Protein chains: 2
Amino acid sequence: MLRISKLTDYAIVVMVELGESPGAVLSAQALAERSHLELPTVSKVLKLLARHGLVRSYRGAHGGYRVTRPTAEISVAEIIGAIEGPIAMTECSVEVGLCSQEHVCGLRSNWQRISAAVARAMEEVSLAEMSRPARPSEPGLRIATLNA
Amino acid sequence: MLRISKLTDYAIVVMVELGESPGAVLSAQALAERSHLELPTVSKVLKLLARHGLVRSYRGAHGGYRVTRPTAEISVAEIIGAIEGPIAMTECSVEVGLCSQEHVCGLRSNWQRISAAVARAMEEVSLAEMSRPARPSEPGLRIATLNA
DNA sequence: GCCATATAGTACCATATTAGTCCTGTTTCA
DNA sequence: TGAAACAGGACTAATATGGTACTATATGGC
């Protein structure tokens with residue numbers, strides 16, 4: 001568990017696909033075919049990505065989408081953020097007052113710190129890196145913890 | 001988003017509470033009161049934790065639960081794992097064959113690497129650390145990424 | 001100017017997951 | 001032997017998610 005949502009998953013796939021042709025304007029239809037996903041789903045994802053400025057949309061005939069930045073400058077965190085909102089492991093990591101137990105719990109500061117660390121990790125993974133398989137030889141991601 | 005489930009959240013709270021009295025055997029009822037949670041919920045969580053060996057249960061009158069190890073030796077990852085199963089950001093990070101798009105996707109190796117990194121981070125946060133508020137001065141968690 | 005194409009926004013429904021509760025059975029202690 | 005307490009599983013209700021559809025708006029070509 002600790003899953004990203006399916007929509008987010010699709011968003012990454014679509015962004016990878018878009019990133020393959022940085023200059024071209026691709027329609028939602030074309031992207032759906034290339035991604036092996038349904039058009040309405042791809043469409044929904046693209047709207048969210050456009051609203052957050054990760055892709056630029058072109059309306060009308062011959063319209064479509066293209067990435068606004070080189071894939072090396074787009075992070076996985078941004079894509080997750082566009083679809084799901086802020087990366088936070090618990091309600092209370094987002095902001096104060098969201099959890100009714102806040103005054104008796106005391107875990108908030110730790111959850112905030114953990115969430116921030118995970119967010120930072122996702123920020124350091126670019127779309128360009130996602131586009132090519134991780135080599136087995138490559139050292140894995142390392143996440144420094146509370147004491148680091 | 002990227003949330004842990006509420007049940008997992010409760011599990012951490014309950015474990016923190018149990019960890020405060022390492023020797024004592026506390027009933028689900030007592031833990032529910034101390035945690036400000038409902039008994040059935042606390043009960044459910046404790047059963048899962050017991051099944052995974054994180055707490056030892058004692059049945060019968062004066063029964064209850066106690067932690068099986070010092071809190072410094074119990075990781076947040078273990079608790080998440082007990083309630084939610086393996087830490088994985090996507091279906092495909094768990095094992096091959098879970099995602100129908102596997103042969104056309106190519107993102108699997110990267111998701112596995114990212115999931116592993118997040119899991120490792122959670123393994124490095126102990127219940128003892130969760131029990132006391134993170135000091136603001138404390139450097140945050142850092143998660144090294146694909147290139148690190 | 002008009003029509004075809006394509007995205008924007010929103011609202012909706014169906015389904016899956018999660019949370020929460022309850023019941024029945026078993027164990028232990030007094 | 002009875003009360004206290006956990007084990008396991010089944011069930012219900014609430015929520016979240018995924019997926020779809022509809023209307024409006026913009027663009028480009030004939």
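Sequence lines set the chain letters: A, B, ... in the order given, protein chains first and strands last, and positions in each chain run from 1. Note that the structure is predicted; figures quoted are calculated from it, not measured.
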Got a sec, which residues hit side chain to side chain contact (heavy atoms under 4.5 Å, CB included) with A/Ala24, two or more places apart in sequence or on another chain?
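Listed in chain order: A/Ser21, A/Leu26.
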
Please tell me which of B/Ser5 and A/Ala61 maps to the more 5' nucleotide of DNA chain C, matching each residue to the nucleotide holding its nearest heavy atom.
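Its nearest nucleotide lies further toward 5', so the answer is A/Ala61.
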
For nucleotides 21-25 of chain C, give me every protein contact, N/O to N/O, under 3.5 Å, one pair per line with atom names.
{"unit_1": "C/dG25", "atom_1": "N2", "unit_2": "B/Arg59", "atom_2": "NH2", "d": "2.9"}

Which angle, to the nearest 10 degrees, lies between the helix axes at the two ends of the helix from C/dG1-D/dC30 to C/dA30-D/dT1, each defined by five pairs?
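The angle, to the nearest 10 degrees, is 10°.
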
Tell me which residues in residues 48-58 of chain B lie within less than 4.0 Å of DNA chain D, going by non-hydrogen atoms.
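Hits under 4.0 Å, by residue number: B/Arg51, B/Ser57, B/Tyr58.
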
Can you pull out the residues from residues 14-37 of chain A that lie within a 4.0 Å heavy-atom distance of DNA chain D?
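Per residue number, the list is empty: none.
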
A/Arg108: which residues meet the salt bridge (charged side-chain N to carboxylate O under 4.0 Å, His left out) condition with it, sequence neighbours left out?
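Testing A/Arg108 for salt bridge (charged side-chain N to carboxylate O under 4.0 Å, His left out), a comparison that skips the adjacent residues, returns none.
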
Output all residues satisfying salt bridge (charged side-chain N to carboxylate O under 4.0 Å, His left out) with A/Glu17, sequence neighbours left out; order by chain, then residue number.
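Checked A/Glu17 against salt bridge (charged side-chain N to carboxylate O under 4.0 Å, His left out); zero matches.
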
According to the side-chain hydrogen bond (donor to acceptor under 3.5 Å, both in side chains) rule, which pairs have a member within residues 4-13 of chain A, sequence neighbours left out?
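Those involving residues 4-13 of chain A are A/Ser5-A/Thr8, A/Ser5-A/Glu84, A/Thr8-A/Glu84.
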
Which residue pairs pass the side-chain hydrogen bond (donor to acceptor under 3.5 Å, both in side chains) test with at least one member in residues 22-43 of chain B, sequence neighbours excluded?
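Found B/Gln29-B/Glu33.
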
Taking salt bridge (charged side-chain N to carboxylate O under 4.0 Å, His left out) as the cut-off, I'd like each qualifying pair that reaches into residues 51-72 of chain A, sequence neighbours left out, listed once.
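Non-adjacent pairs meeting salt bridge (charged side-chain N to carboxylate O under 4.0 Å, His left out): A/Arg69-A/Glu78.
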
Supply the members, apart from A/Tyr58, of the Ile/Leu/Val/Met/Phe/Trp/Tyr cluster built from side-chain contacts under 4.5 Å; use none for a lone residue.
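Its cluster partners, ordered by chain and number, are A/Val25.
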
What heavy-atom pair brings A/Cys92 and A/Gln112 nearest, and what distance separates the two atoms?
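Heavy atoms of A/Cys92 and A/Gln112 come nearest at O-CG, 4.3 Å.
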
Which residues in residues 75-88 of chain B have at least one heavy atom lying under 4.0 Å from any atom of DNA chain C?
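Nucleic-acid contacts, sorted: none.
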
